[in-house]
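Hydrogens, waters and symmetry mates play no part in the numbers below; they use all other heavy atoms, side chains included. For this chain, numbers begin at 1 and follow the sequence in order.
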Amino acid sequence: MALIETKRQSILALLAAAGILLGIGLAGCQSMDQRDMGKFVPPGKRVTIENGGPFDRRFETNDMAIAYQYRVCNQTVAHKTRKW
C-alpha cells in the first residue's frame, strides 16, 4: 500500500513539474505586447534593395544574423531566407 502511494506521489510531482516548466516556456514565447508591425525602420537600420539579382546578403545586429537572397524582376521582389 505504501509503495502505491509513493508511486502516485512521484507521478503527481512529475506532472506538476512538467506543468510548471510548460507554463514558463509558454510565457517566454509571448511578445509582452511589443509589436513593431506597422512601424517605420530607422534610417540606419534599413536594408537597401537593388534592382536585378539574384543577390546574397547578410544582415547582422548584436543579437541575430539573417542571411537572405532576393531578386527584383518587374518591380517585384522574390525572396528566400535560409535557416541556419
Side-chain angles (χ1 to χ4, degrees):
M1 184 78 169
L3 182 61
I4 294 172
E5 284 297 317
T6 304
K7 279 187 173 182
R8 184 175 177 195
Q9 289 174 348
S10 296
I11 291 172
L12 288 175
L14 183 63
L15 288 174
I20 290 170
L21 288 175
L22 182 64
I24 291 170
L26 289 175
C29 294
Q30 300 303 312
S31 66
M32 300 297 188
D33 204 30
Q34 296 175 354
R35 295 195 168 87
D36 295 328
M37 295 172 58
K39 295 183 180 178
F40 288 103
V41 177
K45 298 188 184 245
R46 294 181 186 175
V47 175
T48 305
I49 304 292
E50 302 172 25
N51 287 323
F55 297 103
D56 284 320
R57 299 285 190 257
R58 183 176 174 92
F59 179 77
E60 293 187 40
T61 65
N62 58 352
D63 61 345
M64 70 175 183
I66 300 171
Y68 60 95
Q69 297 175 327
Y70 72 92
R71 178 181 63 203
V72 178
C73 182
N74 297 330
Q75 300 296 322
T76 303
V77 177
H79 62 86
K80 178 173 80 172
T81 57
R82 291 185 294 225
K83 295 183 180 178
W84 295 88

- prompt: Do Val47 and Met64 sit in the same hydrophobic cluster, where Ile, Leu, Val, Met, Phe, Trp and Tyr count as joined when their side-chain heavy atoms come under 4.5 Å apart?
  reply: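 In one cluster with Val47: Met64, yes.
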- request: Can you tell me which residue pairs pass the ring pair (Phe, Tyr, Trp, His ring centres under 6.0 Å) test with a partner in residues 6-29, sequence neighbours excluded?
  value: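 Residue pairs passing ring pair (Phe, Tyr, Trp, His ring centres under 6.0 Å), neighbours aside: none found.
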message: According to ring pair (Phe, Tyr, Trp, His ring centres under 6.0 Å), does anything in residues 6-29 pair up with another residue at least two apart or in another chain? List the pairs.
response: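 Every pair satisfying ring pair (Phe, Tyr, Trp, His ring centres under 6.0 Å) with a residue in residues 6-29: there are none.
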So, using side chain to side chain donor-acceptor pair (under 3.5 Å) as the criterion, who are the partners of [X] when residues are at least two apart?
| X | value |
| --- | --- |
| Asp63 | Thr61 |
| Ser10 | none |
| Glu50 | Arg57 |

field: Phe55: partners by ring-ring contact (aromatic ring centres under 6.0 Å, His included), with sequence neighbours left out
entry: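 If we apply the ring-ring contact (aromatic ring centres under 6.0 Å, His included) test to Phe55, skipping adjacent residues, the hits are Tyr70.
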query: Quick one: hydrophobic cluster around Ile11, which other residues, with the 4.5 Å side-chain cut-off, linked directly or via members?
result: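 Via sub-4.5 Å side-chain contacts, Ile11 links to Leu15.
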- request: Any chance you could pull the hydrophobic cluster mates of Ile24, using side-chain heavy atoms under 4.5 angstrom and chaining through other members?
  value: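 The other cluster members (ILVMFWY side chains, heavy atoms under 4.5 Å, direct or chained) are Ile20.
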message: Restricting to non-hydrogen atoms, name the atom on Pro54 and the atom on Arg71 that form the minimum distance, rounded to 0.1 Å.
response: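 Nearest pair, atom of Pro54 first, then Arg71: CA-CB, 4.1 Å.
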